[in-house]
Amino acid sequence: MALRVHDTRRREKVDFTTLEPGKVSMYVCGVTVYDRCHLGHARCYLSFDLIHRWLEAKGYDVMYVQNFTDIDDKIIQRANEGDGDWKTLVDRNIESYYEDMDALNILRADAYPRCTDYVDDMVRITQDLIEKNHAYVTDDGVYFHVESAPEKFGQLTGQSIDAVQSGAGGRVSDTGSTKRDHKDFALWKAAKPDEPTWDSPWGPGRPGWHIECTAMSMDHFDREFDIHGGGHDLRFPHHEAEIFQGECHTGHSPVVHHWLHNGFVNIDGEKMSKSLGNFWSIRDILEKVDAMVLRFALINAHYRSPIDMNEALLNDAERNYNRLLGCYVDALKARTTTSPVALPHADITSSVPLGKSLGLLEKMGEGFARAMDDDFNSREAVAKVLVTVREISKTLNADGVDEADRDAFAHYAVDLLEETAGRVLGVLPSRELALAEPEEDPRKVEIADHVEALLVERTQARSTKDWVRADAIRDELNALGVVVTDTPQGPEWDLA
RNA sequence: GCACGGAUGUCAGAGCGGUUAUGAGCGGGAUUGCAGAUCCUGAGACCGGAGUUCGAAUCUCCGUCCGUGCUCCA
């Protein structure tokens, strides 16, 4: 099946092609590590994690590079505000980044370059751009001259160069800037007091923001590469600046073959921002909900659509996730043999309903792949998984099924779920974890004896159909904060 | 103002020219003493207007409304 992706530059879904057969080079703009990660970061790197996983599932050898911006105005500001020196601040936030992403089951990229390790490269590229008359030196730095390559303007946002010129009007307040034109952007910033600096042919200073991604992607991928990703907001000016730099430096176009941008996260219908006070850090959310539930909630929308995060969405995700998990555990337990290999479809012929069910599951698997091939439509893929879950639950609970067939079916079901929900969507725990008894809550241990005694009494009452007494005991347990669930294997209980 | 993207049932959210999206919620039913879980099943939708077409939620045009970008931002 052919993978199609929405390319921001071409503004439509296009056939996915690679420079080298079977290999994908992917660069995604990473975080500026001045603070901990928030929900928006989670959504971004989760989007590209899904893309990463699907490309690998399709057999591509993916080289995934994601940078850290470890020097910029906000980092300097935070450090100067007494948050320790900037290097310590940066290291701490990078550590925190890994913790958050690991919790969300986001696979690591192949390389995480830091921009301060690439200052030499940035200087070299800047020098080259000056020599090619695309950049100029002033008192406060080096600037890229946008009018030197006007045809490259607006490639990602469709803005015309004239419109931006007139539209910016009074908003341009470059106090003291020596730019020739307000559209120009900094390649190198001359040193200011109390700032970390690096040496350059233009004196001490530090690199501009846009040039770092050009330097780091060039270093890892040479001249051109397959996918460049990032948040929707980076299209302009950051990514368009990269087009200017990369293409003018290499003299080659396009440098990036597919531009992919993920949509934003809103909170209760409003844009998430610090000024509105609705800023959710990943850590804050994970104190309230399971990381897998958050992951489920975020992949339950197409990566390009905006997503409105709220309580209801998380509750919805939790229910669906628990259904998936419950089904997975049931399927795991339904395997009576330890054969690691699922029996092929053809071997299950003794039971017509099972054969039919398997046929449906095969179709679901194909539908899943079709959804992911259609611009990584994880929402549609999740829908397929949920239908699969229903089908598996139904068949597993069906009567009159031959034991050996049920076993084979369970193996098939487990494999299918692990391949789709597990390997690709990343929302299944390991088999061991799924089957493990939940850790004993000390609060439960404390009341366990009392609860068990009451349950024994209730079971006796139920056996003599003394429902009044049985329900009274259940009410008593409810009052203790205990929820009782009757199952064919006897009553189970948990804290509410 | 310019640019880009949207408007689908109660809600969330797919579909991108003909086929049940899916989930929650709501209505019926099976199972269970009841509850829960699970399964079956029902109702309910394509912003407004015009056009193209045998056929449009899907394409074109007009209108209305919303979001985002144009400044550091995933």
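Throughout, protein chains are lettered first and strands after them, A, B, ... in sequence-line order, and every chain is numbered starting at 1.
- Remark: A:R108 qualifies as a cation-pi partner of A:Y98 under the 6.0 Å distance and 45° angle criteria applied to the six-membered ring.
- Of the candidates B:rG23, B:rG69, B:rA21, the closest approach to any side-chain atom of A:F236 belongs to B:rG69.
- B:rU58 and B:rG51: their P atoms are spaced 14 Å apart (whole Å).
- Nearest-nucleotide assignment on RNA chain B puts the 5′-proximal partner with A:R304, out of A:R304 and A:W209.
- Along RNA chain B, the nucleotide closest to A:Y45 and the one closest to A:R11 are compared, and the more 5′ of them pairs with A:R11.
- Under a 4.0 Å N-O distance rule, the pair A:D7/A:R9 does not qualify as a salt bridge.
- Note that A:K444 lies in the cation-pi zone of A:W493, set by a 6.0 Å cut-off to the ring centre and a 45° limit from the axis.
- Ring orientation note: the planes of A:H210 and A:F185 are nearly perpendicular, at an angle over 60° on the 30°/60° scale.
- Look at A:D100 and A:R36 and you find no salt bridge, because none of the NZ, NE, NH1 or NH2 atoms lies under 4.0 Å from a carboxylate O.
- When heavy atoms are screened at a 4.0 angstrom cut-off, A:G231 is found touching the sugar-phosphate backbone but no base atom.
- Of all the heavy atoms in A:I75 and A:D70, the pair that sits closest is CD1-C, 3.4 Å.
- Aromatic ring centres of A:Y97 and A:F68 lie closer together than 6.0 Å.
- Using a 4.0 Å heavy-atom cutoff across all strands shown, A:T32 reaches sugar-phosphate atoms only and no base atom.
- Regarding contacts with the backbone of B:rU68, every side-chain N or O of A:R235 stays at 4.0 angstrom or more from both OP1 and OP2.
- Among the protein residues, A:V265 comes within range of the nucleic acid bases, having at least one heavy atom under 4.0 Å from a base atom.
- Both thresholds, 5.5 Å between centres and 30° between ring planes, are met by A:F264 relative to the base of B:rA74, so the two rings are stacked.
- Closest to the A:L234 side chain, of the nucleotides B:rC72, B:rA74, B:rU22, is B:rA74.
- The gap from the C1' atom of B:rU53 to that of B:rU60 amounts to 12 Å, rounded to the nearest Å.
- A parallel orientation is assigned to the rings of A:Y45 and A:H41, their planes being inclined by less than 30° (bins at 30° and 60°).
- On the P atoms, B:rC46 is 33 Å away from B:rG36, given to the nearest whole Å.
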Its contact letters, B for base, S for sugar-phosphate only and - for none at protein heavy atoms under 4.0 Å, make nucleotides 8-16 of chain B read ----BSSS-

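- Rounded to whole Å, the P atom of B:rC62 lies 25 Å from the corresponding atom of B:rU68.
- Of the charged side-chain nitrogens involved, none lies within less than 4.0 Å of a carboxylate oxygen, so that A:R458 and A:D471 do not count as a salt-bridged pair.
- With C1' as the reference atom, B:rC61 and B:rG67 are 23 Å apart, rounded to whole Å.
- Between B:rG18 and B:rA35, the two P atoms lie 44 Å apart (nearest whole Å).
- For A:K74 against B:rC72, a side-chain-to-base donor-acceptor contact under 3.5 Å is present.
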Each base of RNA chain B marked ( ) or [ ] if paired in-strand (Watson-Crick or G-U under 3.5 Å), | if paired to another strand and . if unpaired gives (((((((..(((.....[...))).(((((.......)))))....(((((..]....))))))))))))....

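- Note that A:K152 lies outside the cation-pi zone of A:F244, set by a 6.0 Å cut-off to the ring centre and a 45° limit from the axis.
- No engagement by A:G326 is indicated, since no non-hydrogen atom pair under 4.0 Å with the nucleic acid exists.
- You'll find the ring centres of A:W280 and A:H38 outside the 6.0 Å limit.
- Among the protein residues, A:N397 comes within range of the sugar-phosphate backbone only, with heavy atoms under 4.0 Å from sugar or phosphate atoms but none that close to a base.
- At a threshold of 4.0 Å, the pair A:D466-A:R469 does not count as salt-bridged, since none of the basic side-chain nitrogens sits closer than that to a carboxylate oxygen.
- Salt-bridge formation is detected for the pair A:D375/A:R304: a Lys NZ or Arg NE/NH1/NH2 atom is positioned less than 4.0 Å from an Asp or Glu carboxylate oxygen.
- A distance of about 14 Å separates the P atoms of B:rG13 and B:rG6, rounded to the whole Å.
- For B:rU22 and B:rC40, the P atoms lie 11 Å apart once the distance is rounded to whole Å.
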For nucleotides 30-35 of chain B, 5' to 3', base contacts (B), sugar-phosphate-only contacts (S) and non-contacts (-) with protein non-hydrogen atoms under 4.0 Å give ---BBB

